[in-house]
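Each remark here refers to the structure printed beneath this line.
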Amino acid sequence: MKYRTKEWYELCQRTGLHFGMRVHRGAYELDEALFLRRYKRKEKEYIELQREMYNTDPRFLLEQNVHVLVPAEKFFSGNEILEDDKKVYQMPAEERERIEKLIADYDVRPPFDELSYKLEFKSNLEWECKYQKERLPQEIVEQIADIRVFTLGYCTREVMLQLKKLSAENRREMERVSNEYREVIIAQGIPDEIRNRVQFHDCTVTELLTGDEVLIRFDTRGGFTNINKLTLVAPEIIKQDGGIIGTFWLYQELYRIDNGYELHVLFDGENMPELIVRCTDILAEEE
C-alpha cells in the first residue's frame, strides 16, 4: 500500500480520541471509590444493552432481503449517480438459511446470563486499559491518574484539551493523505467498471489460490456486494503476507501499469496482512 497503509489506518483510529470522554474533577488523583462508582454505572449500562440485544428477535433480518447499493468511491466522488452505478443486493439462500437458524436458536434460548456479561465487561475493560496505554502518547498517559477511570470515559480538563488537539492534528494528516491518494487515483484514469471489480470492503477471505491465476473467494455476508470470486489474470505477486485467509478485505489501491494493473490490498486481521499483485486483467463474478 502506498497511501492507505497500516499506519494510515491506525491514524484514522486516532481522529476521535476525545469521543465519549467527559471531564471529571475526580480524575486528577487515584480514587478507588470513584472508580468503583463509575465502574458500576458503566457495567449496568453494558448489561442493559446486552440484555436488549439478547432479546432482539432476529426475524427483522429477513426484511433486509433486497437493497440498492452504490460503490463507495462512486458515492464520494461527487459525480451524478446513474442507474448503471447502482447494484441490487438480494439475500443469498445461504444467508436466509443462516437467519432462519438464528430464529430457531432465538426461540429456544436460555434465560439471560447476567453474570457471564459482568465477567465479559470486566475482561473488556482490562483489554481496553491496555489498548489505551498503547495508542496514546506517553506524555498523555503519564498525566492520567487512573487508566481504568480514563477507559471508562472520564478525564481531567487538561487531558481533554490535549486529546482534542491531537485528534484534530491526526484528522488533518488523515485528510491530507486521503486527498493526495484521490488525486493520484483520478490521474490514473482507470474506468469505474474496472475499479468496481475490486470492491470487497468487509468481505471475509475464505480461499486464496496462486498459480497461473490468483483466485480469491469471499464470504460476502459482512460486505456490500454479492460478488464472491476475484481472479487476477497472469499475476506477478509482489508481496503476499501470511495469514490472509480468514481476514477482512479492508482497503484497496488500484494502479495502471504498462500491461495491466497493480492491485494493493490491506486486510483487517492479526498483523494486518497485505497483498500486492500485478496482473493483465481483473475478473469478478458471483458463483
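In the displayed structure, Arg59 atom CZ is contacted under 6.0 Å by more than 12 heavy atoms of other residues, nucleotides or ligands. Annotation for Glu270: atom CD does not count as buried by contact number, only 12 or fewer foreign heavy atoms lying within 6.0 Å. Residue Asp212 qualifies as open at atom CG: its count of foreign heavy atoms under 6.0 Å is 12 or below. Within a 6.0 Å radius of NZ in Lys44, no more than 12 heavy atoms belonging to other residues, nucleotides or ligands are found. Applying the 6.0 Å contact sphere to CZ of Arg25 captures no more than 12 heavy atoms from other residues, nucleotides or ligands. Shown here is Glu52, whose CD atom has no more than 12 heavy atoms of other residues, nucleotides or ligands within 6.0 Å.
Ionic pairing of Lys101 and Asp105 is present here: one or more N-O contacts between side-chain nitrogen and carboxylate oxygen are shorter than 4.0 angstrom.
Considering only residues two or more places apart in sequence or on other chains, Tyr54 meets the ring pair (Phe, Tyr, Trp, His ring centres under 6.0 Å) condition with Phe112. Taking the salt bridge (Lys or Arg N to Asp or Glu O under 4.0 Å) definition, one finds that Arg176 meets it with Glu173, Glu180, sequence neighbours left out. Every residue two or more places apart in sequence or in another chain was checked for a salt bridge (Lys or Arg N to Asp or Glu O under 4.0 Å) with Lys6, and none qualifies. Checked against side chain to side chain contact (heavy atoms under 4.5 Å, CB included), Lys130 has the following partners two or more places apart in sequence or in another chain: Glu134. With sequence neighbours left out, the ring pair (Phe, Tyr, Trp, His ring centres under 6.0 Å) criterion links His18 to no other residue. Checked against ring pair (Phe, Tyr, Trp, His ring centres under 6.0 Å), Phe267 has the following partners two or more places apart in sequence or in another chain: Trp249. Under the salt bridge (Lys or Arg N to Asp or Glu O under 4.0 Å) criterion, Glu120 pairs with no residue at all, not counting sequence neighbours. With sequence neighbours excluded, the residues forming a ring pair (Phe, Tyr, Trp, His ring centres under 6.0 Å) with Tyr131 are Trp127, listed by chain and number.
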- Message: What verdict does the side chain to side chain donor-acceptor pair (under 3.5 Å) test give for Gln162 and Gln143, after you've listed the backbone C-alpha separation in whole Å, the side-chain angles of each residue and the deciding distance to 0.1 Å?
- Response: CA-CA 11 Å; Gln162 293 175 69; Gln143 298 174 56; 2.7 Å; yes
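Atom OG1 in Thr156 sits 8.0 Å away from atom CD1 in Ile144 (nearest 0.5 Å). Note that the OG atom of Ser123 and the OH atom of Tyr117 stand 14.0 Å from one another [nearest 0.5 Å]. Atom-to-atom distance recorded for Tyr46:OH and Asn124:CG is 4.5 Å, nearest 0.5 angstrom.
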For residues 254-262, which side-chain N or O atoms pair as donor and acceptor with protein atoms under 3.5 Å away, sequence neighbours left out?
from   : atom 1 : to     : atom 2 : distance (Å)
Tyr255 : OH     : Glu253 : OE1    : 2.6
Arg256 : NE     : Gln188 : O      : 3.4
Arg256 : NH2    : Gly189 : O      : 3.1
Glu262 : OE1    : Arg278 : NE     : 2.6
Glu262 : OE1    : Arg278 : NH2    : 3.3
Glu262 : OE2    : His264 : NE2    : 2.6

Please table the atom pairs, donor to acceptor, closer than 3.5 Å between any side-chain atom in residues 239-246 and protein atoms at least two apart or in another chain.
from   : atom 1 : to     : atom 2 : distance (Å)
Lys239 : NZ     : Glu274 : OE1    : 3.3
Asp241 : OD2    : Glu274 : N      : 2.9

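Leu283 belongs to a hydrophobic cluster whose other members, connected by ILVMFWY side-chain contacts under 4.5 Å either directly or through intermediates, are Val233. Hydrophobic side-chain contacts under 4.5 Å tie Leu215 into a cluster, directly or through other members, with Leu209.
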